[in-house]
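Here is the structure we will look at, set down as structure tokens.
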Amino acid sequence: MNAPQPKPQTSPTVRHVAQQIEERIRTGLYPSARRLPSERSLADEFGVSRVIVRAAVDEIADRGLITRSANCRPLVLAPEAPAATLEKPSVRRNLALWIWPHPSDLAAAMIIRGVRQTLHEDDFRLFLESAHGDIWEEILRSEDRFLRRLAYERDVEGVLLWYLGGPINLPALEGLREAGIPMVFLDRRPPDGLDADFVGVDNVRAAEALTRHLISLGHRRIAHVTNYDTRASTVTERGEGYRRALAKARMPFSEELIVRDPGSSEEDPSDLRDDFVDALLALPDPPTAFFAVNDVVAERLIKSLRARGLDVPGDAAVAGFDGNERTTEGSPFLTTMLQPFERIGAQAMELLLERIAAGPSAPFKHVILEPALSVGRSTRGFDTAAISRKSSRKEMH
């Protein structure tokens, strides 16, 4: 009877690969809040099988250096400080970061990385929290509780906010200000009635450039697919940029081409109804291009169009906003605006440290960064008459 073979995770090769990955995490070559390289790239780099890599990653997870979730590459965690450092008495002050939608999300992870690169770790420690809830009202209530808890406990020196609540959670923000806790807003501007430091991008100009790109390809019927969060400055500003591009091109604006993606319904975010796609395609002169308010909406839109027998980009061009595909292997498919999330995080932390040092009397600053247009295959090679032909064939049947 043959002796049992050792498990892959106990083999010397697995231990060696795990040791190499751990060293790269601890030295910062694989930074915290970023995803590990893919199994394939790690296997090629170390000259081993993907089975070996998978076993090594299991060991790294057991050591608490990464966290994993379904259908995502492992996310690197900040390694523990050396024991000598832990023995020193703590004199660091606390800062908080409220992030959306979750720290494992690409944009959030990039912002966290920028924040940590700028944070003075000898002087401050960072507490990270994110919204939670099954429906939008619950998500906003979780934000309200977070803000009120900070104001009540007063155990942080300042807070970075990817703010969601619009005017709804304004009283909680005012309570935070009365408690003397500085705030810096990321991505979304402070709500009307509250001036504060802010770091984001020029959404109007970027959306205008993206719509102008679609116009330059020959599209004359361009739909704008927005979402449920009409309170957010990012949503309203991107809609404004879309309108500006049409006006400058002397193209008529049509309300029937502005639709809301009900896949993000406040009542049930998991309900992916897409009747709006049928309504757009049934128009006498249907759109040949779609500008989605963000990449998530764009990805759902592409699925809906393909489910109806339309090819993207052959029959319809689709563009998004954010740059969610930037870490995928190969060239990105979706045309989009690449938000500099890492720089947003770094600039926001710089502003917060300045605010803490200068005090509440210093004038508030708004730092506006420029995203970059990334042209993918989703807007190339369309047929302007294709949608009309397909619509005609549907009516005949």
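Atom set for the values below is all heavy atoms of this structure, side chains included, hydrogens, waters and symmetry mates excluded.
Between Phe146 and Trp98, the ring-plane angle classifies as parallel under the 30° and 60° cut-offs. Ring-plane geometry between His224 and Tyr242 is classed as parallel, the angle between the planes falling under 30 degrees on a 0 to 90 degree scale with a further cut at 60.
Between Arg205 and Glu370 there is a salt bridge, with a side-chain nitrogen of the basic residue lying less than 4.0 Å from a carboxylate oxygen of the acidic one. In summary, Asp144 and Arg148 engage in a salt bridge, as defined by a charged side-chain N under 4.0 Å from a carboxylate O.
Leu160 contributes atom CG, which lies 12.0 Å from atom CD1 of Ile344 (distance to the nearest 0.5 angstrom). Glu129 CD to Ile99 CD1: the interatomic distance, rounded to the nearest 0.5 Å, is 12.0 Å. Distance CD/Gln347 to CD/Glu354: 9.0 Å, rounded to 0.5 Å.
Cation-pi geometry between Arg238 and Phe321 is satisfied (NZ or CZ under 6.0 Å from the ring centre, within 45° of the ring normal). Arg92 forms no cation-pi arrangement with Phe124, by the criterion of a distance under 6.0 Å to the ring centre and an angle within 45° of the ring axis.
Side-chain contact between Glu240 and Thr236: absent, with no pair of heavy atoms (C-beta onward) separated by less than 4.5 Å. Contact of the Met183 side chain with the Leu173 side chain is registered, since non-hydrogen atoms from C-beta on lie closer than 4.5 Å.
Aromatic pair Phe185/Phe198: centroids not less than 6.0 angstrom apart.
Looking at every heavy atom in both residues, Glu59 comes nearest to Ala18 through OE1-CB, 3.8 Å.
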